[in-house]
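Structure record follows, encoded as structure tokens.
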2 protein chains.
Amino acid sequence: MIMSVADSKLGLVSPNMPVSIHNPEPADRKETTTLADVAARARVSVGTVSRILNGKYKEKWPSMVSRSAKIRRIAIKLGYRPNTAARSMSHGRFQAIGFVTCGDYEIDWYPINGLSGIYSVVEDMGWRLLINELPSAKIKDSALLPQLFRESAVDGLIVNLLPMFSRTIAYFKKLRLPYVLFNVKQKQQCVYPDDFSGAALAVSWLLSRDVRRIGYFCRSCAADIHYSMSDRLAGFQNAMKAANLESHRYLELSPSDDDRHMDVLQRAEFFLRRFPDVQGVICYESEEAVCLTATAKSLGIRVPNQLKVMGFNERVIRGNTGLPIETIEIPFYEVGQQCVKMLHSMIESQDSELPSVAIPYRPFRF
Amino acid sequence: MIMSVADSKLGLVSPNMPVSIHNPEPADRKETTTLADVAARARVSVGTVSRILNGKYKEKWPSMVSRSAKIRRIAIKLGYRPNTAARSMSHGRFQAIGFVTCGDYEIDWYPINGLSGIYSVVEDMGWRLLINELPSAKIKDSALLPQLFRESAVDGLIVNLLPMFSRTIAYFKKLRLPYVLFNVKQKQQCVYPDDFSGAALAVSWLLSRDVRRIGYFCRSCAADIHYSMSDRLAGFQNAMKAANLESHRYLELSPSDDDRHMDVLQRAEFFLRRFPDVQGVICYESEEAVCLTATAKSLGIRVPNQLKVMGFNERVIRGNTGLPIETIEIPFYEVGQQCVKMLHSMIESQDSELPSVAIPYRPFRF
DNA sequence: TTGTACGCGTTATCAG
DNA sequence: CTGATAACGCGTACAA
């Protein structure tokens, strides 16, 4: 069997197949299957294959159906996978969005659940998700700008930056790129967990367990780093007042100089000695919950019998530590999903100013 | 001033500019600046602009230099950003890699530092980084495959999957896509932290502090989930023996049924009561370190004066908790960097089998 | 329904 | 050094 040059270019030559010396294999032999390869194999035009693979036919009569199936089979057999770049060119859109973080060491953070939620909707849309860092130091000099901002590669951005990076965020407006803020609470273009009612939910769970002397425990005191620091406390206080219960069992957010040097364990002991009658504690995060549980144990308080400990966290705490801590799971997954939905509608409608969305916490199993 | 149709298409019409009724603005007016726009503005050809912007000229004589500068200025003024998709088409490569995780809830995990290290090298290469989930349930049915695998969009993959996902990993070979395994210890195509010598490094730090009765504390016992579980213990034992010290101060990895029901705090107390003379403990992770510190405190042992606690972690523990715990920082950043380097060389050389690389821990400040 | 031919934006080649 | 022009792979309008 003699292969023609044309056949060879169409990828019909298997890697191990001997080739005539008169038809030397070019060094840059094609590795990927294209639409043309499938078309040649099926003896139809590229247009036909494209339309079939994209379901643009009505496929009314059976002969069309079977032939479509045959071509699809060929495409699979040849391992055809559409080239995303070519699609982007043709479609006029990248069908991709970028997730932007600051990338600064020891500062950068995002919940994996959140990224997963973002991904789930992006995937459903048939789009792609790029991840990107934009250190605050680099936005001043345009020569230093990261690839994503020097080139155009996405249709929109989901931005994971604390309010302290407002200068960076302001920069996006000049880019003319639609963007949504992740886990930030502001008037517009934000999606964030509704920590205020999340705390209320925790209170009502404790109430359902006949726990009435409830406290709130928070490690740190920098109130303006993230809105959740104040919202969780406020939500706790509000829910307690609504239930006609005392809401004073918490340490001040602005500590005295003495307090400032306490580590979490010392602070936990301080808390438990100051409110010895407390029956349930809502903790800002799992770290506080673990330390409080440990300290309670060292003071002879049994958890969860005498003291119920709850902690906000992006994952179930118990699974890792085996400790009897009730997790108040932050709905980051849904936050991520909503971010993409909002961003997508901004991209479609060219609308650049949308009201923010607070994502409710998932209901507890009471 | 009358704008011609040509001018309009070249983007010289500002959004607010009135347009003649004989030249109706098309609905899908161009928003992005292209090479042609810059070329028209500078009255040169697109080729010239492309070459200047890509630095393909030697720029020997001054007139060339100044004109290049002028064109660069125009490009900036017009907000020109090269279209990545077009570049990919032309270059024949996507200049992008994908980071793959399983995406399974409560199982999926990766260190943000690692992703950051990956990004840093990708950025230096001028490439892009896509993130992608491949749930094990979806690889069976090709119709369910995620976008990244249905289409071709990257030149290689960095895979973050535990050994338990070996079926998924096997699938990549069929894809003909180069891939590297992140944080997995196998013979080939892996990059992982050298936990064995990491533990030794921790031992030598304690020795430098005149701590000689050293123990190792680990929460969990599932030895085959991740290589670090056995390697850290083995590294500890080996280093102790090399220093002629006792290496028996640790709890068995395979616990009895009684032990199995202990949470971390109970296990920590068990450990400290069993080895009451221990002066320093190396913990598998920060969680153990926190719980051990709390338990020590409850038993009247002062940390770090009487007992030095160290813990492996991807970030400095002290920064978050304020606790006196010495972090053994896992070099995930460097692991990520090395992954990209290895992957890139695989892409360049078409070589599909490279020996694995163990990344050393960073030296301690003694 | 089918094939052809063009456009998408960029880079590379090849004459001037 | 410069300007035309041909790829790159895909979608699609248009003509058959």
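Proteins get letters first, then strands, A, B, ... in listed order; numbering begins at 1 in each. Note that the structure is a prediction, hence the values are computed from the model and not measured.
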Contacts of type side chain to side chain contact (heavy atoms under 4.5 Å, CB included), residue [X], not counting sequence neighbours:
X      : value
A/S90  : none
B/D104 : B/C102, B/I107, B/P135, B/S136, B/F165
A/K70  : A/R73, A/I74
B/S120 : B/Y333, B/Q337

How far does the helix from C/dT1-D/dA16 to C/dG16-D/dC1 bend, going by the axes of its first and last five pairs, to the nearest 10°? 50°
Of all residues at least two apart in sequence or in a different chain, which pass the side-chain hydrogen bond (donor to acceptor under 3.5 Å, both in side chains) check with [X]?
X      : answer
A/S152 : none
B/T84  : A/E151
B/R51  : B/Y57
B/S116 : A/E133

Students often mix this up, so state it plainly: with edges at 30° and 60°, are the rings of A/F99 and A/Y110 parallel, tilted or perpendicular? perpendicular
Expected rows: protein N/O vs nucleotides 13-16 of chain C N/O, under 3.5 Å:
from	atom 1	to	atom 2	distance (Å)
C/dT13	O4	B/R51	NH1	3.3

Using atom [atom1] of [X] as one end and atom [atom2] of [N] as the other, report the distance to the nearest whole Å.
X      : N      : atom1 : atom2 : value
B/D37  : C/dT10 : CG    : P     : 9 Å
B/L35  : D/dG3  : CG    : C1'   : 13 Å
B/E151 : D/dG9  : CD    : P     : 15 Å
B/I71  : D/dC1  : CD1   : P     : 13 Å
B/Y57  : D/dG3  : OH    : C1'   : 9 Å

Taking C/dG3, D/dT2, C/dT11 as options, the one with an atom nearest any side-chain atom of B/T48 is D/dT2
Let's see if you can work this out: which of C/dG9, D/dT2, C/dG3 has an atom nearest to the side-chain heavy atoms of B/T34? C/dG9
Side chain of A/R72, backbone of A/I52: donor and acceptor closer than 3.5 Å? yes
Between A/S50 and D/dG11, is there a side-chain N or O to OP1/OP2 distance below 4.0 Å? yes
Just N and O in the side chain of B/K56: are any of them under 4.0 Å from OP1 or OP2 of C/dT11? no
Provide the full list of ring pair (Phe, Tyr, Trp, His ring centres under 6.0 Å) pairs with a residue in residues 114-136 of chain A, sequence neighbours left out, each pair given once. A/W127-A/H344
Which part of the nucleic acid, if any, lies within reach of A/V46 when heavy atoms closer than 4.0 Å are counted: base, sugar-phosphate only, or nothing? nothing
Sub-4.0 Å heavy-atom contacts from residues 80-96 of chain B onto DNA chain D, ordered by number: B/M89, B/S90
